[in-house]
Amino acid sequence: WRGAPPSDSGGVDAASCRAVAACIAEVHEGSGVLEVPILAAARHERGRGHGSVLVALLVQMGAALGCRLLVVSATTESARFWLTMGLHTPAGCSPEIRGTLREL
């Protein structure tokens, strides 16, 4: 994560109390990996910082749980978002990290 996360309500529309963004996360115990197979925001809410807030919360949660690596499943559509959040493609990772990815 680079920079300060946006100030937001954490994926919930405060006016309607409806979720506008959500994710699934799994900690791979013993490997130090936090995996996020799905992170999504409602189309009409995209670009408003909800996904960035969820990523910031995931990074904080992962650090608190001793995770040192955040792994996501990115579609072509979401790749730019993840790269903007400071993540890398496997090709841009160290051999050690690529080895960890192969073990998942």
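Residues Leu70 and Ile38 do not share a hydrophobic cluster, clusters being chains of Ile/Leu/Val/Met/Phe/Trp/Tyr side chains in contact below 4.5 Å. By the rule that hydrophobic residues join a cluster once side-chain heavy atoms approach within less than 4.5 Å of another member, Leu87 and Leu34 end up as members of one cluster. Under the 4.5 Å side-chain heavy-atom criterion for Ile, Leu, Val, Met, Phe, Trp and Tyr, Val59 and Leu65 are members of the same hydrophobic cluster. A continuous path of ILVMFWY side-chain contacts below 4.5 Å connects Val27 to Leu54, so both sit in one hydrophobic cluster. Ile24 and Met85 fall into different hydrophobic clusters, defined by Ile, Leu, Val, Met, Phe, Trp and Tyr side-chain heavy atoms under 4.5 Å apart, directly or through other members.
Checked by atom type and distance alone, the side chain of Arg68 never pairs as donor or acceptor with a backbone atom of Val33 at under 3.5 Å. With hydrogens and angles ignored, the 3.5 Å screen pairs no side-chain donor or acceptor of Ser78 with any backbone N or O of Phe81. With hydrogens and angles disregarded, a donor-acceptor distance shorter than 3.5 Å links the side chain of Thr84 to the backbone of Arg80.
Heavy atoms only, all atoms of each residue included: Arg46 and Ala41 are closest at NE-O, 3.1 Å. The minimum heavy-atom distance linking His88 with Leu83 is given by the pair CA-CD2, 4.3 Å.
Taking OG from Ser31 and CG from Leu69, the interatomic distance works out to 8.0 Å, rounded to the nearest 0.5 Å. A distance of 5.5 Å separates CD of Glu35 from OG of Ser73, quoted to the nearest 0.5 Å.
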Report task. Take Leu39 and Val72, measure what side-chain contact (heavy atoms from CB on, under 4.5 Å) needs, and give me the verdict at the end. Result -> CA-CA 9 Å; Leu39 187 144; Val72 302; over 6 Å; no

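Trp82 places none of its side-chain heavy atoms less than 4.5 Å from the side chain of Thr89. Side-chain contact check for Val36 versus Val71: every heavy-atom pair is 4.5 Å or farther apart.
For residues 92-102, no residue pair satisfies the salt bridge (Lys or Arg N to Asp or Glu O under 4.0 Å) rule, not counting sequence neighbours.
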